Amino acid sequence: MKSSLGSMFVLASVVSAAVPSLDAPECSVGKGTVQYNKSVPNLTDFPLTQVDVCYDDKAIHLTFTAFEETNYYFNASQTTNDAIWQYEVMEGFLYRGTNDPQTYLEFEVSPNNVTFQAWIYNPSKVRADGAPMDTSYLTEPAVDGMTAQTTLRRDDGTWTSSAAIPLGLFNVDDGQAKSTSWRMNFFRTVVSPDTFPDQFLGAWSPTNESNFHMTPFFGNVNFV
């Protein structure tokens with residue numbers, strides 16, 4: 001009973017979470033931009049991070065920019081869909097719709113341009129202890145039309161990754177993205193050889209625990 005009451009209180013605080021919103025235009029017009037500089041879950045200062053969002057007839061375009069970077073830390077032995085999230089990555093969780101999703105796309109990219117892309121099944125919506133949590137990998141992202149290009153600017157302390165994610169993954173036909181509504185969240189992990197495996201976490205819509213898989217915190221994104 002004590003455990004159940006605790007779960008109820010956590011759920012109540014999640015449901016009442018206020019989330020940010022973004023209008024994202026067609027890429028031919030411009031981009032919608034979000035910036036964040038607060039940690040998860042403590043809301044302390046975090047390295048500035050930016051995500052630019054737009055769409056065209058076939059894809060969602062995300063440009064992730066990490067500022068104040070000092071580590072550029074990755075595992076050079078890792079390849080597509082390996083556990084790159086253990087090191088430094090920038091991430092987008094995406095869902096077409098307006099409700100808190102149980103299933104959503106997780107996309108990650110590392111400073112050496114290795115990507116992770118998978119459908120996440122999270123029926124508790126918060127990765128609750130004992131609840132199902134499953135991952136279905138997209139094993140051929142290039143064939144599917146997913147792309148990423150990453151540039152490191154060590155002199156400036158930045159790295160930038162530009163990614164394209166096909167709209168068809170979300171059952172949006174070519175040219176039909178305008179006026180669709182989405183739930184998304186964006187994340188960054190900061191880690192160095194000295195701190196590994198401990199990580200410093202940041203988010204556009206910060207969760208109230210060190211857990212990115214909390215869909216009630218996903219922001220609202222409108223394709224205008």
Side-chain angles (χ1 to χ4, degrees), residues 22 24 27 31-42 44-54 59-94 104-120 135 137-166 169 184-207 210-213 219:
L22 173 71
C27 298
K31 296 179 179 179
T33 298
V34 302
Q35 291 186 329
Y36 57 90
N37 61 358
K38 295 298 179 184
S39 70
V40 170
N42 296 324
T44 57
D45 290 342
F46 184 83
L48 180 64
T49 310
Q50 178 172 308
V51 186
D52 300 306
V53 185
C54 65
I60 302 168
H61 294 267
L62 304 174
T63 301
F64 301 91
T65 303
F67 296 95
E68 304 171 68
E69 181 61 69
T70 58
N71 306 306
Y72 303 92
Y73 190 45
F74 57 86
N75 184 337
S77 70
Q78 292 183 323
T79 60
T80 301
N81 290 336
D82 283 345
I84 61 174
W85 43 265
Q86 295 176 335
Y87 298 86
E88 291 201 306
V89 293
M90 289 186 281
E91 309 184 14
F93 289 13
L94 296 83
Y104 47 91
L105 182 73
E106 178 176 355
F107 175 82
E108 305 177 6
V109 61
S110 69
N112 63 332
N113 204 50
V114 173
T115 61
F116 173 104
Q117 44 277 303
W119 290 106
I120 306 299
T135 304
Y137 297 99
L138 293 170
T139 57
E140 302 218 18
V143 174
D144 295 335
M146 303 183 76
T147 63
Q149 184 175 359
T150 301
T151 302
L152 278 58
R153 295 183 176 87
R154 295 180 184 271
D155 290 344
D156 296 333
T158 66
W159 62 282
T160 300
S161 292
S162 297
I165 299 175
L169 290 173
M184 299 185 189
N185 209 350
F186 304 112
F187 308 98
R188 178 181 172 187
T189 63
V190 174
V191 61
S192 72
D194 293 332
T195 62
F196 181 85
D198 294 334
Q199 294 178 309
F200 194 28
L201 310 176
W204 173 42
S205 181
T207 54
S210 297
N211 170 15
F212 290 167
H213 291 271

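No experiment lies behind these values; they were computed from the predicted model shown.
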Rounded to the nearest 0.5 angstrom, the CG-OG1 distance for Asn112 and Thr150 is 8.0 Å
CZ of Phe46 to NZ of Lys38, rounded to nearest 0.5 Å, is 12.0 Å
- Going by distance alone, is a donor N or O of one side chain under 3.5 Å from an acceptor N or O of the other, for Thr160 and Thr151? no
**Prompt:** Hey, are Asp52 and Thr63 close enough side-chain-wise for a donor-acceptor pair under 3.5 Å?
**Reply:** no
Quick check: Phe107 with Phe93 (ring centres under 6.0 Å apart)? no
Flag, side chain of [X] to backbone of [Y], donor-acceptor distance under 3.5 Å:
X: Asn71; Y: Pro193; answer: no
X: Thr189; Y: Val89; answer: yes
X: Thr79; Y: Ser77; answer: no
X: Asp156; Y: Arg153; answer: no
X: Arg188; Y: Leu48; answer: yes

Side chains of [X] and [Y] in contact at under 4.5 Å (non-hydrogen atoms):
X: Gln117; Y: Asn81; result: yes
X: Val190; Y: Glu88; result: yes
X: Glu106; Y: Glu91; result: yes
X: Ser110; Y: Tyr87; result: no
X: Phe212; Y: Leu201; result: yes
X: Glu108; Y: Phe187; result: no
X: Leu138; Y: Met146; result: yes
X: Gln35; Y: Trp204; result: no

Hey, does the Lys NZ or Arg CZ of Arg154 hover above the aromatic six-ring of Tyr72, less than 6.0 Å from the centre and inside 45° of the axis?
yes
In sequence, state the C-alpha distance, the side-chain angles, and the governing distance for Thr49 and Asn37, and then conclude on side-chain contact (heavy atoms from CB on, under 4.5 Å). CA-CA 6 Å; Thr49 310; Asn37 61 358; over 6 Å; no
Parallel, tilted or perpendicular: which one describes the rings of Tyr73 and Phe196, with boundaries at 30° and 60°? perpendicular
Once the angle between the rings of Tyr137 and Phe116 is folded into 0 to 90°, is it parallel (under 30°), tilted (30 to 60°) or perpendicular (over 60°)?
perpendicular
* Check step by step if side-chain contact (heavy atoms from CB on, under 4.5 Å) holds for Val53 and Leu22. => CA-CA 9 Å; Val53 185; Leu22 173 71; 3.9 Å; yes
Verify side-chain contact (heavy atoms from CB on, under 4.5 Å) between Leu62 and Ile165, making sure each step is shown before the conclusion.
CA-CA 8 Å; Leu62 304 174; Ile165 299 175; 3.9 Å; yes
Around Glu68, counting heavy atoms of other residues, nucleotides and ligands shown, do more than 12 lie under 6.0 Å from its CD?
yes
